[in-house]
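Here is the structure we will look at.
So that the names make sense, note that chain A is the first sequence line, chain B the second, and so on, each numbered from 1.
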2 protein chains.
Amino acid sequence: MVNTRERILNISFQLFLQKNYKEVTLKEIVEKTGMSKGAFYHYFESKEQVFLECTNFVISSAMDVYKKISKNSLLEFYHDFLNHNNLEMFFPASENKDFHYQLNIFSLFFEGAKLFPSFQEKLVEITQMELNVWKEIVQLARQKGEIKSVMSDEQIAKMFLYSADGAGMHSIFSKGSIQQAQSSILQLWDSFYEEIKC
Amino acid sequence: MVNTRERILNISFQLFLQKNYKEVTLKEIVEKTGMSKGAFYHYFESKEQVFLECTNFVISSAMDVYKKISKNSLLEFYHDFLNHNNLEMFFPASENKDFHYQLNIFSLFFEGAKLFPSFQEKLVEITQMELNVWKEIVQLARQKGEIKSVMSDEQIAKMFLYSADGAGMHSIFSKGSIQQAQSSILQLWDSFYEEIKC
DNA sequence: GTATATAGACCGAACGGTTGGTATGTATTA
DNA sequence: TAATACATACCAACCGTTCGGTCTATATAC
């Protein structure tokens, strides 16, 4: 049974993925949780504090993803990555049925970075860490003879990461589902992989 | 001499590139223009109308870009594209000196698409049109023997477009300048081009 | 030429509604 | 009973919008 504090966080997080910070009102958070403002302020100092915790939650979850995916080959790596890097993973299955809205992690990043310098720093760190992980995987793949390319490890890594972000963004523009976005990204990556594999 | 209506639009547009819709207040628009709320409402029905006009302005400007860039080769095309596709082009040179803020076209797109179904449709149209233009250029480049790749025209086109968007977004996360973002995109594209050229 | 009427440009105070937050009270739990 | 969890009423500030007003330029009538 999830406790009250976590319930507030979960629901707030869902809302922050659907609308930007200022659009999500305390009134709405309170209504969606079925609680009261008094209860909200019992657990949290401010709306801002909730938002900060949500942004930090995203960061730590993103870091966790890299801990559990296969590093045996680039091919396995990116397939595994896509299977794990999914916004729906943040929500208990029982809540998914109520959830047909457009999720936008990018807006949350932009705003978090703007509101909290500490988050911005962490975001920069984690994107750099991400790039490094991909570079290592690419380097290994190259050494093992899995891939061959005139592109540097760094540019290949960037190509994978940035194209996925761009594809994700375009999916949001066109109101596609998360599954559609992932399918599009996979197609793109498979295609690129075909280009550089030995 | 720019007239009052355009002055309000220009300044509003700059603000909407720096903050999201709800963060930009009428008070601020009015202060920045040196006018009054009454004057604002003399020209515009609502804050929302101004925002809609800003979003439509972006769309038409984006379409104009494709009209003036070279289509002789993929190499020329993407270099020319980068030279023209620059947020700073929206602002008169005399105003640039006051302008050291982070510009975020993506947030403007997300919000426009959310607030205005008509804008969302146009956005989808223009991204599709964009993709088609790039596909044609890639196809031509392939036919001319400029490039050779196992990737389909569409996937190559997507790779160029989406990687640039992703790179742009990362630049915003790390508070880089527009010039830095473009330089990063060019490096990525040059690298990819090296991979697929004959 | 002068007085009057009109339109447009612009102003700032007031309006009604909403917001995040605070203070106080009540219910629940150990 | 005391501590914790929660509810409700209220607050001040803020928001976008409306409204009555002023100023200036121009047109018209005499």
Side-chain angles (χ1 to χ4, degrees), chain A residues 1-57 95 101 107-108 110-119, chain B residues 1-57 107-108 110-119:
Chain A
M1 184 59 204
V2 78
N3 68 42
T4 304
R5 195 178 191 279
E6 277 173 27
R7 179 166 168 78
I8 295 172
L9 272 174
N10 284 338
I11 283 168
S12 302
F13 183 53
Q14 290 176 42
L15 290 171
F16 289 133
L17 284 175
Q18 295 167 47
K19 312 179 190 185
N20 58 42
Y21 176 68
K22 228 166 147 77
E23 282 175 336
V24 178
T25 61
L26 216 52
K27 184 182 175 187
E28 192 177 10
I29 292 172
V30 155
E31 278 171 1
K32 285 260 159 66
T33 56
M35 313 203 64
S36 64
K37 284 197 191 178
F40 177 93
Y41 282 102
H42 180 78
Y43 293 100
F44 298 101
E45 269 185 34
S46 62
K47 177 183 167 188
E48 198 167 283
Q49 195 204 341
V50 175
F51 188 60
L52 179 59
E53 291 204 20
C54 291
T55 55
N56 287 332
F57 174 64
E95 293 188 26
Y101 304 107
S107 280
L108 194 142
F110 291 143
E111 286 197 301
K114 229 183 352 181
L115 276 176
F116 312 117
S118 64
F119 177 74
Chain B
M1 185 59 206
V2 79
N3 66 41
T4 303
R5 194 178 192 279
E6 277 174 27
R7 179 165 169 77
I8 294 172
L9 273 174
N10 285 337
I11 283 169
S12 300
F13 182 54
Q14 290 176 40
L15 291 170
F16 289 133
L17 283 175
Q18 295 168 44
K19 312 179 186 183
N20 59 42
Y21 176 69
K22 230 167 146 76
E23 283 175 336
V24 178
T25 62
L26 216 53
K27 184 182 175 187
E28 191 177 10
I29 291 172
V30 155
E31 278 171 2
K32 285 262 162 60
T33 57
M35 314 204 63
S36 66
K37 288 191 185 181
F40 178 92
Y41 282 102
H42 178 80
Y43 291 101
F44 299 99
E45 267 184 35
S46 61
K47 177 186 171 188
E48 199 167 282
Q49 194 203 344
V50 175
F51 188 60
L52 178 59
E53 291 205 19
C54 290
T55 55
N56 287 334
F57 173 66
S107 281
L108 193 143
F110 292 144
E111 287 197 300
K114 225 182 352 179
L115 277 176
F116 312 117
S118 64
F119 177 75

Donor-acceptor contact below 3.5 Å, side chain Y21(B) vs main chain E48(B): yes
Under 4.0 Å: is that the gap between some side-chain N or O of [X] and OP1 or OP2 of [N]?
{"X": "K47(A)", "N": "dG20(C)", "result": "yes"}
{"X": "H42(A)", "N": "dA5(D)", "result": "yes"}
{"X": "T4(A)", "N": "dA5(D)", "result": "no"}

[X] [atom1] - [N] [atom2] separation (whole Å):
{"X": "L26(A)", "N": "dG17(C)", "atom1": "CG", "atom2": "P", "result": "21 Å"}
{"X": "I8(A)", "N": "dA7(D)", "atom1": "CD1", "atom2": "C1'", "result": "13 Å"}
{"X": "E23(B)", "N": "dG16(D)", "atom1": "CD", "atom2": "C1'", "result": "16 Å"}
{"X": "L115(B)", "N": "dG16(D)", "atom1": "CG", "atom2": "P", "result": "13 Å"}
{"X": "F44(B)", "N": "dT17(D)", "atom1": "CZ", "atom2": "P", "result": "13 Å"}
{"X": "R5(B)", "N": "dG8(C)", "atom1": "CZ", "atom2": "P", "result": "15 Å"}
{"X": "Y21(B)", "N": "dC15(D)", "atom1": "OH", "atom2": "C1'", "result": "11 Å"}
{"X": "M35(A)", "N": "dA27(C)", "atom1": "CE", "atom2": "P", "result": "16 Å"}

Most 5' of T25(A) and S36(B) on DNA chain C, judged by nearest nucleotide: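 The residue whose closest nucleotide sits nearer the 5' end is S36(B).
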What contact category does [X] fall into here, base, sugar-phosphate, or nothing, at under 4.0 angstrom with non-hydrogen atoms?
{"X": "Y41(A)", "answer": "base"}
{"X": "Y43(A)", "answer": "sugar-phosphate"}
{"X": "V50(A)", "answer": "nothing"}

Might you point out which heavy atoms bring [X] and [Y] nearest each other, and give the distance in Å?
{"X": "I29(A)", "Y": "S12(A)", "answer": "CG2-OG, 3.6 Å"}
{"X": "E23(B)", "Y": "E28(B)", "answer": "O-OE1, 4.3 Å"}
{"X": "K19(A)", "Y": "K114(B)", "answer": "CA-NZ, 3.5 Å"}
{"X": "T33(B)", "Y": "V30(B)", "answer": "OG1-O, 3.0 Å"}

Presence of donor-acceptor pair under 3.5 Å, side chain of K37(A) and base of dG20(C):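 It does, because a donor-acceptor pair links the side chain of K37(A) to the base of dG20(C) below 3.5 Å.
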Shortest side-chain distance from A39(B), nucleotide among dG21(C), dC11(C), dT4(D):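 The answer is dC11(C), which lies nearest to the side chain.
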